[in-house]
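Accompanying notes for the structure given below.
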Amino acid sequence: MRTTPIIEMDKRFDPKSYESRWQAEWAAQGYFVCAVPGAPPGSAEATATGSSEAYCIMIPPPNITGKLHMGHALQSTLQDLLTRWRRMQGRNSLWLPGTDHAGIATQLMVERDLAKESKSRHDLGREKFLQRVWAWKEQYQGNIRRQLDLLGASCDWTRERFTLDDGLSRAVREAFVRLYEEGRITRGEYLVNWSTGLDTAISDLEVEMRPVTDKMWQIAYPIAGGASDERVVVATTRPETLLGDTALAVHPEDERYRHLVGKQAIVPVAGRSIPFVADDSVEREFGTGVVKVTPYHDMADFETGRRHGLPGIQVIDRKGRMTAAAGAEFEGMEVEAARELLLAKLRQDGFLVHEEAYLHNVGFCQRSGVRVQPLMSTQWFCDVSSMAAEALAAHRDGRLELVPASWGKTWEHWLENIRPWCISRQLWWGHQIPAWYDEVGNVFVARSREAAAAQAGHDRLTQDSDVLDTWFSSALWPFSTLGWPEKTADLAFFYPTSVLITGFDILFFWVARMVMMGLHFTGESPFARVHLTGLVRDAEGVKMSKTKGNVLDPEDLIEEHGADAVRFTLASLDAPGRDIPLDPNVMAGNRAFGNKIWNATRFALSKVDEAKIPESIDFDRLALPERWILARLSETAAGVDASLEDFRFDVACRDLYYFFWSDFCDWYIEMAKPGLEPGNERLLVKEVLLLTLDRALRLLHPAMPFLTEELWQKLPGHEAIHPQTICLAAYPQRVPKWELSALEAEKMKLFRETVTIVRNDRADKKLTHRVKADLYLQSAKAGVPESAVDAIAFLSSEEAKRLLSSIAGVRSVMVAAPPLGATNKHIRKGAEITCRFDIPETAVDLDKLRLALTANEENIGKVRARLESTEFAAKAPAAVVEGARRNLETLQLERARLRAALGLDAEPE
RNA sequence: GGGAGGUUAGCUCAGCGGUAGAGCACCUGCCUUACACGCAGGGUGUCGUGGGUUCGAGCCCCUCACCUCCCACCA
């Protein structure tokens, strides 16, 4: 005997009461642990499915530095949604979790921590410092898992990886050595982006251009060996680099300066002679048309210098201070101070011709915020040009699909213009470069120190002190996490992965590099499809930032609304190519949706007695409401599947929301109520109620895992669907047999319209729902549109009467002329429907009627004009013409009704 | 300087060539035997501008304007 479950369930749902319980249960049961065909049995025995069809998503590994932000919450929600959906479809679905060592970010945080003890990493030394970072990592790594658990993530934690763990480190060394042996990785001295804030080189991608108002100075350079007063004027924003000038450049076709090419100029203050060179890159219109060339302190000048075989002079060092080469009086000065001193000297000697404010773009170190200093240094570079070509080809031939596809052009442009990737960093935390040097500087690149020693023939070797750019190890993530370079069962089964979900902001940093490395090392794109999400913003669409104080914390939101509401909200806002404006009101609305689901279940459980979710149902024996809701269920299942295939999470959520709230709760449950009354039972109503609820919960499960599991476990008969958990129950599919015929669909439409008529009339008269209505039906006058439905017969049937009584407070339905004076007549499907209430007829709101008449006549005018156009009749499809004709007829009947109510003649013309 | 996206109700956004939609907000009436995190009803639109294609354009084409964001070595 079932007790009455309604007593057991609270009137309000409380996500906190079950969310953590279910996450713990799922983990304990190992539902998300994948067993791979051919793999040795182990903990994976508890696996969900033995399916041989793989589905795999690699998490974009969050930094171990800390805390998940809204972007992680969004992306994790979508990844989990897809994984749960595929898992329920029976795929062997792996969502592999992990974290990134995040070289610079992590090192900075630990250094900041050290600074509290007034220590620097140099005080500790490399060994001790790294021990400290590892300790720090151990402390924070669990945080990521805890947060993903809170969100309901169905990761396989037995496969969790870390970019610095042994396996991944091995993969990194393997990749590095292979690329080196192929000649793609080289070491050399180049002008690189130097961050004095981080004391390391950074890649082009880590440089952020920002507009800055500087000054543009014009400086005169005397001509050597010319007339004593002959000078040429040069414009510059960085006068201090003049000390490192090794040439002046002019455009080869600039008549103003052509005569100078081959001559020498004298660098003011420094007094050195430097040549004039002619170079196409000089813009004649800009500045004075003469450019100072400082190869070691300017990217463009570096290239110019190379073209002309010019030497370079390093006048600024890696700390941002002037070197000895800048001259004794400048040596050791900060750049700013050196600039002031130099300007003073120039001014004093009459070399400073002009100065003005100047707005231009300047490169800043994205991470530390300092101005990037171009600096000559020895670094490791990876030539990715051929890999980029492969990545381009994969995109063009469809092996790699970007969603939304509009990112394609950006992809092409970046890869077509790619430059060598500076992969070495002067940091300690990261993968130390697998290169060793002997006493005389010979380099041995190898997979291990032993291998390097074997190459060298001795062990007097020192390892390169630099580490690799964090993104180098991330680039290997899709296959290094599966055991590459070993040929593991996981790699064979799950690689290439199915989809990647990440933010567009790391399209180049990460996605492009994974595709390049994946294609290079495995011959396959690491994933077939990439869904790029937008940026999570605040309710007003403003970017979240600490300084603006508008940052939302996923953990707070989960605490307040429950994980399911957070997930549903994020997923429903993920429209292609758009950012995600996160409004707490919307979140509250979706929490209310959870409450609605809770209460619908609570209602059903209180009514179904001994009934169970039926294993099958005889659709043909059902009454219209049951047939209708099953039809809607089938359509919704079909729609959700299609939407998820296309990454249209917004559409899938909208359809689910509408189906559950409007179709199921507002309409079906209301229609089911009379059929659930003792002694009045409609055939199989309880079974259909349970069946629909079961399917709806399963459809919703990927988006709202906790609530659906909690409720589904309460449904009688759920064990027959899956003995343990909704997580592994089959995802509902379309059932074509359940879909309604056109006739039935029309009947349902007529019924709903009739309900609305009654409710409208009641609201117009300001009556409460308690005042019952009497309905009068009679055939409408001539000119009524044809209809397949016999409206009068249908609406006056016992079945319809009972439904109308329950849902719309209709006391009686009479096939008769309405009492004299009745004004609220409505025409539907050839029937004139009049609604009367048990109260004196209130005064008709004439203004409202007049407005309605005006609108009606406007519409008639429009439709008639279309119908009278010969072109419309000739060219529009017949169905459209016919639709317009019917429309006109209905509008005309409506007009007659309105005119009668207003006491006007029936026909105006 | 290139490129992408956006411009639809008060707000945030859907929208498939055929009479403009949702949620939230707002107004009215309701504690109707699941739910007030609720029920029912309601109002609101020059679909950014100007052209074009079409019988018919929010939707397709072109122009312009404004907003967001990427990429880019005019010193």
Side-chain angles (χ1 to χ4, degrees), chain A residues 6 9 11-13 209 216 234-238 241 249 281-283 285-288 290-294 298-304 358 360-361 363 374 404 406-410 412-414 417 504-505 507-508 534-535 537 539-541 543 561 565 572-573 575-583 585-586 588-607 650-651 654 657-658 665-666 669-670 673 677 756 759-760 762-764 766-770 806 808-809 858-859 862-863 866 869-877 879-881 883-884 887 891:
Chain A
I6 194 158
M9 286 177 73
K11 201 162 140 182
R12 287 181 173 201
F13 87 137
M209 302 304 276
M216 178 77 91
V234 171
T236 181
T237 54
R238 300 190 58 199
T241 63
S281 69
V282 178
E283 292 286 333
E285 322 310 318
F286 189 85
T288 59
V290 186
V291 184
K292 60 194 274 313
V293 183
T294 321
D298 184 281
M299 295 292 178
D301 292 0
F302 181 73
E303 297 300 325
T304 309
Y358 180 62
H360 64 152
N361 282 320
S406 54
W407 286 103
K409 283 201 175 177
T410 307
E412 298 261 326
H413 183 259
W414 191 72
N417 295 288
F504 66 83
D505 51 323
L507 181 63
F508 306 140
L535 216 62
R537 296 168 177 275
E540 279 78 42
K543 200 167 167 175
H561 303 287
S572 65
L573 289 170
R578 282 198 98 115
D579 284 339
I580 286 90
L582 198 57
D583 185 342
N585 285 326
V586 173
N590 286 323
R591 186 190 56 205
F593 181 45
N595 193 53
K596 189 77 183 173
I597 298 168
W598 178 270
N599 274 292
T601 308
R602 187 167 155 256
F603 170 79
L605 292 178
S606 73
K607 296 289 185 189
D650 58 330
V651 176
R654 198 200 314 138
Y657 184 97
Y658 185 84
C665 293
D666 293 346
I669 288 184
E670 293 309 316
K673 277 176 179 172
E677 289 298 307
T756 303
R759 287 172 173 171
N760 265 326
R762 187 181 278 119
D764 279 352
K766 309 250 185 262
L767 303 175
T768 79
H769 61 91
R770 270 188 293 256
S806 145
E858 270 177 28
N859 277 335
K862 272 195 260 179
V863 179
R866 271 168 76 192
S869 147
T870 50
E871 281 182 308
F872 177 70
K875 293 183 181 170
V880 173
V881 178
N887 195 2
L891 285 168

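Worth saying up front: this structure is predicted, and the values here are computed from it rather than measured. The chains referred to below are lettered A, B, ... by the order of the sequence lines, with proteins before strands, and numbering in each begins at 1.
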Any N/O pairs under 3.5 Å between the protein and nucleotides 30-32 of chain B? List them or say none.
| residue | atom | partner | partner atom | Å |
| --- | --- | --- | --- | --- |
| B:rC30 | O2' | A:His769 | NE2 | 3.1 |
| B:rC31 | OP1 | A:Arg770 | NH2 | 3.2 |
| B:rU32 | O4' | A:His769 | ND1 | 3.3 |
| B:rU32 | O4' | A:His769 | NE2 | 2.8 |

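Heavy-atom distances to RNA chain B give each of A:Arg12 and A:Glu303 a nearest nucleotide, and the one nearer the 5′ end belongs to A:Arg12.
Of the candidates B:rG3, B:rA75, B:rG41, B:rA75 carries the atom nearest the A:Val291 side chain, counting heavy atoms from C-beta on. In this structure, the nucleotide among B:rC70, B:rA40, B:rA75 sitting nearest to the side chain of A:Asp298 is B:rA75. Picking from B:rC55, B:rA34, B:rC71 the nucleotide with the shortest atom distance to the side chain of A:Ser869 gives B:rC55. For A:Ala300, the listed nucleotide lying nearest its side chain is B:rC73; candidates were B:rA34, B:rC73, B:rC69. The side chain of A:Ser406 lies closest to B:rA4, out of B:rC55, B:rC71, B:rA4. Nearest nucleotide to the A:Arg602 side chain, out of B:rA40, B:rA34, B:rA75: B:rA34. Among the nucleotides B:rC37, B:rA4, B:rA14, the one closest to any side-chain atom of A:Arg578 is B:rA14. For A:Ala600, taking side-chain heavy atoms from C-beta onward, the closest of the listed nucleotides B:rG5, B:rC70, B:rA34 is B:rA34.
Base pairing analysis places B:rA36 opposite nothing; no Watson-Crick or G-U wobble pair with both distances below 3.5 Å involves it. The partner of B:rU7 is B:rA65, judged by Watson-Crick or G-U wobble contacts that both fall below 3.5 Å. When both distances must be under 3.5 Å, the Watson-Crick or G-U wobble mate of B:rA25 does not exist. Nucleotide B:rG1 has B:rC71 as its partner under the Watson-Crick or G-U criteria, with both atom distances under 3.5 Å. Judged by Watson-Crick or G-U wobble contacts below 3.5 Å, the nucleotide B:rG45 has no partner.
For the pair A:Asp579 CG and B:rC13 C1', the computed distance is 13 Å after rounding to whole Å. Atoms CZ (A:Phe504) and C1' (B:rG5) sit 10 Å apart, rounded to a whole Å.
Between the base of B:rC35 and the side chain of A:Lys596 there is a donor-acceptor pair shorter than 3.5 Å.
Proximity of A:Lys409 to the phosphate of B:rC71: no side-chain N or O atom is located under 4.0 Å from OP1 or OP2. Note on A:Arg759: every side-chain N or O is 4.0 Å or more away from OP1 and OP2 of B:rG42. Contact check, A:Asn760 against B:rG42: a side-chain N or O comes under 4.0 Å of OP1 or OP2.
Rounding to the nearest 0.5 Å places CZ of A:Arg578 at 14.0 Å from CG of A:Leu535. A distance of 3.5 Å separates CE of A:Met216 from CZ of A:Phe286, quoted to the nearest 0.5 Å.
A donor-acceptor pair under 3.5 Å is formed between the side chain of A:Asn599 and the backbone N or O of A:Lys11. The backbone N or O of A:Ala565 lies less than 3.5 Å from no partner atom in the side chain of A:Asn590, so there is not a single donor-acceptor pair.
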Quick one: what's the B/S/- string for nucleotides 15-28 of chain B, heavy-atom cutoff under 4.0 Å, read 5' to 3'?
S--BB----S---S

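A cation-pi contact links A:Lys673 to A:Phe603, judged by a cut-off of 6.0 Å to the six-membered ring centre and 45° from its axis.
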